[in-house]
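Report on one structure; see the data block that follows.
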Amino acid sequence: MKRAHLLSVTLLSALSLAISGCSGSVDKGQPKDSAKPQDSVKPQASGTAANGMKDGKYDPPITLTTVRAQQTTVKFAQGDSIENNVWTRAYEKEYGIKLKTLWAVDPNQLEQKMNLTIASGDIPDFFQVNATQFKQLAEAGLIADMTEAYNKHASEGVKKLMTEGGEKVLQSATIGGKLMAIPFTSPTQEGSQMVYVRTDWLQKLNLPEPKTMDDLLKISEAFTTKDPDGNGKNDTYGLAVDKDFSILLGFFNSFHAYYGINIKDANGNLAYSTIQPEMKTALKKLQEMFKAGQIDPEFGAKNATKTYEMIANGKIGMFYNGPYAGLYPLQAAKDKDPSMEWKAFPLASVDGKPAKSQVELGVAGYWVVKKGVKNPEAVLKMLDFWLKTFYENKSDDIYKEFNTSPTDNNQVWLLNAVSAYKSFKNVDESLRIIEALDTKDMSKLTPEDKGVYEKIQKFQAGDRSNWGWNLIFNKGGSMSVADQYRKNNLYLSNEFITTPLTSMIEKGTALTKLESEALTKIILGQSSIDEFDKYVEQWKKQGGDEIVKEINEWYKTTK
């Protein structure tokens with residue numbers, strides 16, 4: 001089984017890129033670049049006529065059709081449209097690629113509209129699909145083999161982008177040894193959970209910062225029993241738990257337990273993580289914490305959003321989340337209570353073994369090209385333009401033209417036709433910003449970096465509205481924790497990287513309900529910890545064994 005709802009790749013990408021899109025204006029103290037926008041991102045001229053190209057451009061120009069979501073948050077310049085805008089004009093000017101958009105719909109309608117298009121068999125030249133749609137197109141023989149195009153025409157930057165999240169990224173787009181799509185990569189590793197602790201409560205209770213799991217458990221107890229908010233009431237909780245366990249993954253991982261993914265067992269086969277003995281150990285500890293009053297007794301009726309409200313109201317002193325929590329939910333909490341102080345800490349291990357964060361495949365979708373298209377490599381050229389323009393650019397003028405307007409925060413980058421996201425973009429940005437804060441040398445900063453740098457400077461000057469940016473990007477912040485994970489490869493991947501199998505579709509919903517009810521009752525103390533063994537037995541009998549068998553049959557085909 002695969003818990004996409006627990007760690008949505010799409011949501012994770014949105015949070016990661018929201019940090020980028022909201023970074024604000026560039027540093028006003030820096031001189032503006034005099035180069036014309038296209039000068040800094042112009043591709044290397046080939047000087048050859050390969051694939052009908054001359055000096056890096058198709059000659060004559062080619063026309064490609066596509067379909068897409070139309071982001072309603074983007075404001076078009078006067079006379080511009082989804083078919084004629086700064087991005088489409090750049091593709092034509094730099095590469096000789098003209099785009100024709102057959103249709104564009106609201107993102108919420110995209111999947112349904114795409115399904116209808118695929119069912120008709122009349123597909124455009126290139127477009128983005130989800131994993132299930134990719135599989136359908138490949139099985140129907142409607143999409144092109146991209147192996148040769150990728151090997152010959154993907155730039156080194158694009159190849160690095162495709163591999164920095166691990167070999168499974170390209171593997172997921174490979175069928176029968178052929179690369180049938182270009183992955184729409186997503187920063188799932190960067191988004192791994194860490195633990196956030198109210199440090200103002202630590203100071204008030206004279207507690208040290210946590211270094212071990214035992215430290216965290218003692219902190220949870222103190223936050224529950226020692227009146228950290230000073231109101232004379234027993235109304236605070238040590239640990240945040242939501243009904244879907246989505247903000248509890250880091251806690252499980254600290255016990256070497258993994259929720260809702262498929263992992264390798266001792267024999268090299270795949271096994272479902274939630275039914276393993278380590279999960280029982282973690283649940284036993286949660287049950288003990290619940291009985292001790294350290295967990296909200298109503299957690300079973302509250303999703304993550306409701307739990308965040310309790311955090312903002314000063315009722316919870318510790319929770320697990322990704323590195324973006326400084327902006328949401330913590331900035332709102334800080335706005336409500338300026339005395340709050342939070343800090344992110346790496347996962348602590350329950351024993352001497354390093355705690356590893358569970359991560360999903362870093363792919364949010366796939367770029368596919370219709371079989372028979374004459375120039376499939378054109379998609380890779382547009383992707384390279386995205387890479388140079390969105391990530392590598394240091395020109396303020398280009399940033400304003402292609403990325404985000406500093407005057408009205410118009411996120412023009414959403415108009416790109418082909419994109420993919422770096423696995424550790426915000427971690428790398430944090431490292432550049434930390435260096436600039438230390439040295440006062442801003443020469444390595446991109447315009448986006450400068451916006452975050454400026455926000456941190458404003459915070460340091462007393463502007464609390466930028467507190468969250470400082471918590472994320474400054475030295476010792478959440479991105480520093482994420483960098484520590486990266487340096488030490490502290491991840492455990494979901495090994496199941498394909499679309500849901502038949503047994504999963506048939507049995508998955510019932511098994512998810514069984515699992516949720518069983519785990520909730522155990523934490524609440526309505527079931528003894530030994531009921532976990534009964535849950536495992538039921539899970540296997542009600543379809544779990546069938547799912548595991550089918551998953552392993554698939555897994556053997558990938559070796």
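The structure presented is a predicted model; accordingly, all values stated were derived computationally and were not measured. Numbers for residues simply follow the sequence, beginning at 1.
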Quiz item: Sub-3.5 Å donor-acceptor pair from the side chain of Thr174 to the main-chain atoms of Leu179, do we have one?
Solution: no
Quiz item: Yes or no on side chain to side chain donor-acceptor pair (under 3.5 Å) for Asn115 and Gln133, after CA distance, side-chain angles and deciding distance?
Solution: CA-CA 7 Å; Asn115 285 337; Gln133 293 163 343; 2.9 Å; yes
Quiz item: Are Lys280 and Asp530 close enough that some pair of their side-chain heavy atoms sits under 4.5 Å apart?
Solution: yes
Quiz item: Are Ser220 and Gln294 close enough, and set up right, to give a side chain to side chain donor-acceptor pair (under 3.5 Å), and what steps lead you there?
Solution: CA-CA 7 Å; Ser220 177; Gln294 298 175 29; 2.6 Å; yes
Quiz item: Would you call Lys353 and Asp351 a salt bridge, taking side-chain N to carboxylate O under 4.0 Å as the test?
Solution: no
Practice problem: Verify, without hydrogens or angle tests, whether Thr520 (side chain) and Glu517 (backbone) share a donor-acceptor contact under 3.5 angstrom. | Solution: no
Quiz item: With Lys315, which residues qualify under side chain to side chain contact (heavy atoms under 4.5 Å, CB included), at least two apart?
Solution: Asp229, Asn231, Asp235, Met310, Asn313
Quiz item: Is a side-chain donor or acceptor of Gln193 paired with a backbone partner of Gly250 at a separation under 3.5 angstrom?
Solution: yes
Quiz item: Can you tell me how far CG of Leu239 sits from OH of Tyr320, rounded to the nearest 0.5 angstrom?
Solution: 6.5 Å
Quiz item: Quick one: does Ser186's side chain have a donor or acceptor within less than 3.5 Å of a partner on Gly362's backbone?
Solution: no
Quiz item: Quick check: are there more than 12 heavy atoms from other residues, nucleotides or ligands sitting under 6.0 Å from CD of Gln112?
Solution: no
Quiz item: Do you see a donor-acceptor pair shorter than 3.5 Å between the side chains of Gln358 and Asn494?
Solution: no
Quiz prompt | Residues Glu531 and Lys534 bridged, charged N to O under 4.0 Å | solution = yes
Practice problem: Please list, chain by chain and in numerical order, all residues satisfying salt bridge (Lys or Arg N to Asp or Glu O under 4.0 Å) with Asp145, sequence neighbours excluded. | Solution: none
Exercise. Indicate the atoms forming the closest heavy-atom contact of Gly157 with Leu387, along with that distance.
Key: C-CD2, 3.3 Å
Exercise. Report the C-alpha separation of Ile551 and Val548 in whole Å, then their side-chain angles, then the decisive distance to 0.1 Å, and conclude whether the side chain to side chain contact (heavy atoms under 4.5 Å, CB included) test is met.
Key: CA-CA 5 Å; Ile551 285 175; Val548 171; 5.6 Å; no
Quiz item: In this structure, are over 12 heavy atoms from other groups packed under 6.0 Å from Asp438 atom CG?
Solution: yes
Exercise. Decide, yes or no, whether a salt bridge links Asp214 with Lys218 under the criterion of side-chain N to carboxylate O below 4.0 Å.
Key: yes
Quiz prompt | Residues Glu190, Lys422: salt bridge by 4.0 Å N-O rule | solution = no
Self-check item: Lys135 atom NZ, over 12 foreign heavy atoms within 6.0 Å
Solution: yes
Quiz item: Backbone N or O of Asn474 within a donor-acceptor pair of the Asn470 side chain at under 3.5 Å?
Solution: no
Quiz item: Backbone N or O of Leu519 within a donor-acceptor pair of the Tyr535 side chain at under 3.5 Å?
Solution: no
Exercise. Determine yes or no for a side-chain-to-main-chain donor-acceptor pair under 3.5 angstrom, with Ser273 supplying the side chain and Ile263 the backbone.
Key: no
Quiz prompt | Tyr324/Tyr328 aromatic ring centres below 6.0 Å | solution = no
Quiz item: Are Lys285 and Glu288 ion-paired here, with the side-chain N under 4.0 Å from a carboxylate O?
Solution: yes
Exercise. Name all residues meeting the side chain to side chain contact (heavy atoms under 4.5 Å, CB included) criterion together with Ser419; count only those two or more places apart in sequence or in a different chain, and write none if there are none.
Key: Phe184, Trp367, Trp386, Asn416, Tyr421
Quiz prompt | Lys/Arg-Asp/Glu bridge criterion (N-O < 4.0 Å) met for Lys302, Asp296 | solution = yes
Quiz item: Any side-chain donor-acceptor pair under 3.5 Å between Asn321 and Tyr308?
Solution: yes
Quiz prompt | Whether Glu448 side chain and Glu429 backbone form a donor-acceptor pair below 3.5 Å | solution = no
Quiz item: Quick one: side-chain hydrogen bond (donor to acceptor under 3.5 Å, both in side chains) pairs with a partner in residues 543-552, sequence neighbours left out?
Solution: Ser503-Glu550
Practice problem: Using only heavy-atom distances, determine whether the side chains of Asn262 and Glu495 contain a donor-acceptor pair under 3.5 Å. | Solution: no
Quiz item: So, Gln484 side chain and Ser480 main chain: donor-acceptor pair closer than 3.5 Å or not?
Solution: no
Exercise. Please determine if Asp483 and Lys487 form a salt bridge, counting it only when a charged side-chain N lies under 4.0 Å from a carboxylate O.
Key: yes
Quiz item: With Ala181, which residues qualify under side chain to side chain contact (heavy atoms under 4.5 Å, CB included), at least two apart?
Solution: Phe134, Ala173, Tyr366, Val368
Quiz item: Would you say Lys159 has more than 12 foreign heavy atoms packed within less than 6.0 Å of its NZ?
Solution: yes
Quiz item: How would you list, by chain and number, every residue that makes a ring-ring contact (aromatic ring centres under 6.0 Å, His included) with Tyr196, sequence neighbours excluded?
Solution: Phe319
Self-check item: Lys226, NZ: over 12 other non-hydrogen atoms inside 6.0 angstrom
Solution: no
Quiz item: Where the side chain of Thr225 meets the backbone of Glu221, is there a donor-acceptor pair that is under 3.5 Å apart?
Solution: yes
Self-check item: From Met340 atom CE to Trp467 atom CH2, the distance as rounded to the nearest 0.5 Å
Solution: 8.5 Å
